[in-house]
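What follows is a short report on a single structure.
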Amino acid sequence: MAWKTLDDMDLGGKRVLVRVDINVPMDNGVVTDATRIERIVPTIKDILAAGGSPILLAHFGRPKGKPVPEMSLKPLVPALEAAFGVAVTFIERPSHDEIFGLPQDAVVLIENTRFSPMEEANDPQMSGFLSTLGDIYCNDAFSAAHRAHASTAGVAELMPACAGRLMQAELSALEGALATPQRPVVAVVGGAKVSSKLELLGNLVAKVDHLVIGGGMANTFLAAQGINVGKSLCEHDMTDTALEILEKAKAANCEVILPTDIVVSAEFKAGAANETVAADACPEDKMILDAGPATVAKIASVFDGAKTLIWNGPLGAFEIEPFNAATDAAAAKAAELSKAGKLISVAGGGDTVAALNGADAAKDFTYISTAGGAFLEWMEGKTLPGVAALDQ
Ligand code: 3PG
Ligand code: MG
């Protein structure tokens with residue numbers, strides 16, 4: 001695929017509709033994690049520097065096609081102004097008169113695109129109207145690019161379109177990690193359920209050299225091999241699927257790394273009494289909450305031999321101590337190798353980034369994606385409508 005960037009556009013004196021993802025965590029009207037806002041700053045600054053005026057299109061939450069006051073974008077204005085260093089004009093209902101009457105150097109934020117049912121329906125009436133508000137469309141919302149909505153996909157077909165700086169960075173990091181990677185490549189996939197990451201695992205075994213499976217989904221793989229997992233989270237109805245994935249991996253020469261030792265406890269609670277046992281020795285009345293040190297040592301040695309790492313999902317119940325130990329140790333190892341320039345590491349997904357931040361490892365990763373669902377779909381090998389629409 002080939003898409004244009006801001007460098008290919010003549011931005012001087014133009015109104016640029018910029019689709020951004022500022023769906024950030026908020027508490028009582030205050031932004032609690034501004035990462036997604038900080039990451040769009042280069043795009044806004046570059047447009048302003050070239051003499052263009054950015055008009056931001058964005059969603060917040062899932063208001064389901066009608067105005068929901070708690071999901072207004074207005075409370076985000078101070079955080080945007082702080083990040084951009086310029087005033088931001090908020091417009092609730094855009095009209096041509098209002099938009100065309102603004103000064104050349106204005107930065108505009110339009111109210112939550114999802115307040116209209118036409119957004120998620122990708123209704124041509126909405127994309128048509130949006131396209132009349134500006135001269136150029138710039139998509140900087142990789143993390144919303146898995147949605148085929150009016151402001152992410154529809155409008156891109158109607159105007160000269162390009163990728164923003166964050167979109168460029170996300171695409172090149174992901175391409176580097178999975179499409180044209182330096183080998184060996186290792187993928188870490190964790191999380192609760194095999195069923196939610198089935199397509200991901202199926203796609204990855206054909207593309208990577210080592211696949212580390214962690215979290216609840218590892219239990220399903222252990223159980224599929226006839227191992228008793230006690231009270232652990234486990235999808236027993238996924239046995240055949242898990243075995244098929246292992247077969248597919250074998251055929252593709254992909255080494256699958258499952259826990260060889262496990263940390264078990266009688267309850268899912270922070271600080272719960274626990275012990276480390278062999279992977280096939282989970283007591284009947286206990287549950288697996290983390291991978292053990294031997295498994296972590298194996299993962300570390302795989303990281304040592306790898307050139308590229310792509311990570312989605314924690315290895316254990318990282319949200320309750322001490323069951324974050326395996327995730328933290330593996331994250332620290334990846335961070336150390338990345339910092340030393342020995343490993344290209346790319347991670348994405350809300351839980352994953354929270355886990356890596358908890359381990360203080362994220363800052364040394366080569367690239368941390370702002371995307372959750374879109375990161376997953378990209379790893380699954382799917383075409384993202386918002387990215388496809390830029391291919392003109
Ligand atoms: C996200 O936060 O994952 C993106 O903003 C997409 O939001 P959505 O899952 O509601 O489409
Ligand atoms: Mg989502």
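When a ligand or atom number is given, it counts from 1 through the structure's own listing order.
Contacts between Arg36 and ligand 1 below 4.0 angstrom, taking non-hydrogen atoms only, involve the side chain exclusively.
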Could you walk me through whether Lys74 and Glu92 pass the salt bridge (charged side-chain N to carboxylate O under 4.0 Å, His left out) check? CA-CA 8 Å; Lys74 197 172 182 191; Glu92 200 179 324; over 6 Å; no
Can you list the steps and then say if Thr32 with Asp27 is a side-chain hydrogen bond (donor to acceptor under 3.5 Å, both in side chains)? CA-CA 6 Å; Thr32 54; Asp27 189 21; over 6 Å; no
Might you work through the side-chain hydrogen bond (donor to acceptor under 3.5 Å, both in side chains) test for Asp97 and Ser95, ending with a clear yes or no? CA-CA 5 Å; Asp97 284 351; Ser95 68; 5.5 Å; no
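In summary, the atoms of ligand 1 found under 4.0 Å from a heavy atom of Arg147, numbered by their order in the structure, are 8 (P), 9 (O), 11 (O). For ligand 1, the atoms closer than 4.0 angstrom to any heavy atom of Arg114 are 7 (O), 8 (P), 10 (O), 11 (O). Every atom of ligand 1 with a heavy atom of Arg62 under 4.0 Å away is listed here by number and element: 8 (P), 9 (O), 10 (O).
Close to ligand 1: Ser143, with a non-hydrogen atom less than 4.0 angstrom away.
With 3.5 Å as the limit, one finds a donor-acceptor pair spanning the side chains of Arg19 and His59. Residues Ser265 and Asn274 have side chains that never bring a donor and an acceptor to within less than 3.5 angstrom of each other.
Between His96 and Phe129, the ring centre distance stays below 6.0 Å.
Considering both main-chain and side-chain atoms, His59 comes within under 3.5 Å of ligand 1 through a nitrogen or oxygen pair.
The closest heavy-atom contact to atom 5 (O) of ligand 1, among the options Val20, Asp21, Leu376, comes from Asp21.
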